[in-house]
Structure formats: C-alpha cells, structure tokens
Amino acid sequence: MANRRITKAERERVDKILTLLDEYYTTEYKCYLNHETPWQLLIATILSAQCTDERVNLVTKDLFKKYKTLEDFAGADLKELEKDIHSTGFYHNKAKNIIECAKTLVTEYGGVVPKEIDKLTGLAGVGRKTANVIRGNIYHEPSIVVDTHVKRISGKLGFTKAEDPEKIEFELMDLLPKDHWILYNLQIIAHGRSICTARNPKCTECFLYDLCKWKGKS
DNA sequence: CTCCCGATAT
DNA sequence: ATATCAGGAG
C-alpha cells in the first residue's frame, strides 16, 4: 500500500536507516517535554515554539505549580502570564494563545484535550505540529510530527524534497511504516541534538553517513 | 510572506 | 555578531 513510487533499492536504504535509528535510539525514547496531564503537554508544546525543550521544562516546572488547573490558565492575567513564560520567547503571542486555548478547552470540550486533528488545530496557538504531538504522545494515534529537526534531517537523508511542513508530513507518512511514525520524530530529535545538528553536523561520527544523501562536510 | 522574540552556542 | 531552538497566526 505505502511506498508505491519507491524503488526497491530506495526502500532498502530507508529500512536500513530505520533499523539503525531503532538500534541507536531505542523505543524507550519518549516525549521530551515534562508533563503530568494532556493539557500540560499541550501548553508545554505551545511554549516550545522556537525554544529549546530544556528551557520549556525549566519554565513549566514553576508554571504548573502556580497554575494547577486548566481553569487557572483560562482565568489567568495576561500580563502576569507573559512574565511567567517570558524566557521562552514570543511571550505575548504565547500567553494570549494559552489563555484563549484554555478557555476553549474548558467551555467547549469540558476540560478534555480533543484527539481529532481539526479540533486540535482549531485551538489558539495550536498548529499541525503541536496537534500531532498530542495525538502521538497522549492518544498514541500514529502521527508524524514535523518540527525543525525532522524537516532538516529528513531533507538531508533524502526522505523528502519538500519545504512545506505539511507536505513533508504527508510524504513521510507515505514513506515510513505506520508503526514507526511516532518514534521517528523522537529519534530524529535525539539525532538532531547529538549528531546531525543544524550548525556543525558531526558527519564523521554519524552512523548513518553511508546511507545519507547529503554527506556534508563535518 | 512577515511578524512574533528570549536564551544559548558558535 | 549571527544562527538556531519540539511554530503559529495574520
């Protein structure tokens, strides 16, 4: 069904890459954003736009002590919330979106984070990337999260030539086995942080070098 | 396409 | 000084 337009050799190359990823980044890899509830992950993911997960975890550690419920966020003071999340950047938009998002969840969804992609992306501050993080990590629905790492590395590996995140998402869905969708994102982020970094990728240390299309200078 | 935007590594 | 970080909205 999947991968109809792909040659046998290319299919084998992709499968070898996936096998190696499984080997180096085991299935124990899970969500990098600390959270105890679905709505906490949603807020953490909204905060993670153009911000390291490390800093988000630093901020949410105090944030979730101060705002203990969705209702707390729905009723939060904008300026105060801006201060609370300031260090994550884009704080004005993020604070406004978090309050509006929390209000919608409380008033329209009974405080439950929906699993449908349309309902999720309908929430303030929630795009496809954030929606797929929720679908994958909370509801275990096969979904591909296209973030900056997935975009960069999938391109270098030759998995896609697309630039548009949504197009990349659908091309990867066609290329990767469904049972690997959620893990792929987590593995690629791990790889993107340790080896295939945006600035000086450590190609000489990369276990995927021989299988990589890019093979950039290290 | 532009704007939002602080913190960190290089 | 500049690039980059689990992007999204107008």
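Here is the naming used below: chain letters follow the sequence lines, and residue numbers restart at 1 for every chain.
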Engineer: First locate atom CD1 of A:I43, then atom CG of A:L33, and finally report the distance between them rounded to the nearest 0.5 Å.
Structural biologist: 12.5 Å
Engineer: Kindly state each residue pair satisfying ring pair (Phe, Tyr, Trp, His ring centres under 6.0 Å) with at least one member in residues 188-212 of chain A, sequence neighbours excluded.
Structural biologist: A:Y24-A:F207, A:Y25-A:H191, A:Y25-A:F207, A:H191-A:F207
Engineer: How far, in whole Å, is B:dT10 from C:dA6 if one measures between their P atoms?
Structural biologist: 14 Å
Engineer: Determine whether a donor-acceptor pair (N or O, by modelled atom type, separation under 3.5 Å) exists between the side chain of A:K96 and the backbone of A:N93.
Structural biologist: no
Engineer: Sequence neighbours excluded, which residues qualify as side chain to side chain donor-acceptor pair (under 3.5 Å) partners of A:K94?
Structural biologist: none
Engineer: Toward the 5' end of DNA chain B, which comes first, A:F90 or A:R55, by nearest nucleotide?
Structural biologist: A:F90
Engineer: Mind running a 4.0 Å heavy-atom check of residues 58-76 of chain A against DNA chain C and sending the residues that fall below it, in number order?
Structural biologist: none
Engineer: If you look at every strand shown and take non-hydrogen atoms under 4.0 Å, does A:S48 touch a base, only sugar-phosphate, or nothing?
Structural biologist: sugar-phosphate
Engineer: Mind checking side chain to side chain donor-acceptor pair (under 3.5 Å) for A:Q187 and listing every partner two or more places apart, or none if nothing turns up?
Structural biologist: A:D22
Engineer: Applying side-chain contact (heavy atoms from CB on, under 4.5 Å), run through A:I46 and A:V126 and close with a yes or a no.
Structural biologist: CA-CA 7 Å; A:I46 290 173; A:V126 179; 4.1 Å; yes
Engineer: Would you tabulate the side-chain donor-acceptor contacts of residues 49-56 of chain A under 3.5 Å, counting partners in other chains and residues two or more places apart, or write 'none'?
Structural biologist:
from	atom 1	to	atom 2	distance (Å)
A:T52	OG1	A:R55	N	3.3
A:D53	OD1	A:R193	NH1	2.9
A:D53	OD2	A:R193	NH1	2.7
A:R55	NH1	A:S87	OG	3.3

Engineer: For nucleotides 2-4 of chain C, tabulate all protein N/O to nucleotide N/O atom pairs closer than 3.5 Å, reporting atom names and distance.
Structural biologist:
from	atom 1	to	atom 2	distance (Å)
C:dA3	N3	A:R199	NH1	3.4

Engineer: Determine the interatomic distance between P on C:dA9 and the same-named atom on B:dA7; round to the nearest Å.
Structural biologist: 24 Å
Engineer: Roughly, in whole Å, what's the span from CD1 in A:I153 to C1' in C:dC5?
Structural biologist: 13 Å
Engineer: What are the bounds, 5' to 3', of the part of DNA chain B that sits under 4.0 Å from heavy atoms of chain A?
Structural biologist: B:dC4 to B:dT10
Engineer: From CD1 of A:I43 over to C1' of C:dG7, roughly how many Å is that when rounded to an integer?
Structural biologist: 17 Å
Engineer: Does one side chain, of A:T104 or A:K119, offer a donor that lies under 3.5 Å from an acceptor on the other?
Structural biologist: no
Engineer: Please state how far atom NZ in A:K94 lies from atom P in C:dA6, giving the value in whole angstrom units.
Structural biologist: 11 Å
Engineer: For C:dT4 and B:dC5, measure between their C1' atoms and round to the nearest Å.
Structural biologist: 13 Å
Engineer: Could you check whether any side-chain N or O of A:Q40 sits under 3.5 Å from a backbone N or O of A:E36, counting only pairs where one atom can act as donor and the other as acceptor?
Structural biologist: yes
Engineer: Enter the distance from A:N137:CG to A:K30:NZ here, rounded to the nearest 0.5 Å.
Structural biologist: 9.5 Å
Engineer: With sequence neighbours left out, which residue pairs that include part of residues 71-107 of chain A fulfil the ring pair (Phe, Tyr, Trp, His ring centres under 6.0 Å) condition?
Structural biologist: A:W39-A:F73, A:Y67-A:F73, A:H86-A:Y91
Engineer: Spell out, as yes or no, whether a donor-acceptor pair under 3.5 Å connects the side chain of A:R152 to the backbone of A:C196.
Structural biologist: yes
Engineer: Kindly state each residue pair satisfying salt bridge (Lys or Arg N to Asp or Glu O under 4.0 Å) with at least one member in residues 72-93 of chain A, sequence neighbours excluded.
Structural biologist: A:K66-A:E80, A:K66-A:D84, A:K79-A:E82
Engineer: Quote, to the nearest angstrom, the P distance that separates B:dT2 from C:dA3.
Structural biologist: 16 Å
Engineer: Could you note down all residue pairs passing ring pair (Phe, Tyr, Trp, His ring centres under 6.0 Å) where residues 136-168 of chain A supplies at least one of them, sequence neighbours left out?
Structural biologist: none
Engineer: Below 4.0 angstrom, which residues in residues 114-144 of chain A have at least one non-hydrogen atom near DNA chain B?
Structural biologist: none
Engineer: C:dA9 C1' sits how many Å from A:I46 CD1, rounded?
Structural biologist: 13 Å
Engineer: Is the backbone of A:L211 close enough, under 3.5 Å, to the side chain of A:R13 for a donor and an acceptor to pair up by distance?
Structural biologist: yes
Engineer: Could you tell me how far apart A:N57 (CG) and C:dC5 (C1') are, to the nearest whole angstrom?
Structural biologist: 13 Å
Engineer: Working note: A:R11 + A:L175, criterion side-chain contact (heavy atoms from CB on, under 4.5 Å); need CA distance, chi angles, decisive distance, verdict.
Structural biologist: CA-CA 8 Å; A:R11 182 70 255 161; A:L175 183 69; 4.2 Å; yes
Engineer: Kindly state which residues belonging to residues 178-192 of chain A come within less than 4.0 angstrom of DNA chain C, counting heavy atoms of the residue only, listed by number.
Structural biologist: A:N185, A:L186, A:I189
Engineer: For the pair made of CG in A:L47 and P in C:dG8, what is the distance, rounded to whole Å?
Structural biologist: 12 Å
Engineer: Can you tell me how far CG of A:L208 sits from NZ of A:K156, rounded to the nearest 0.5 angstrom?
Structural biologist: 12.5 Å
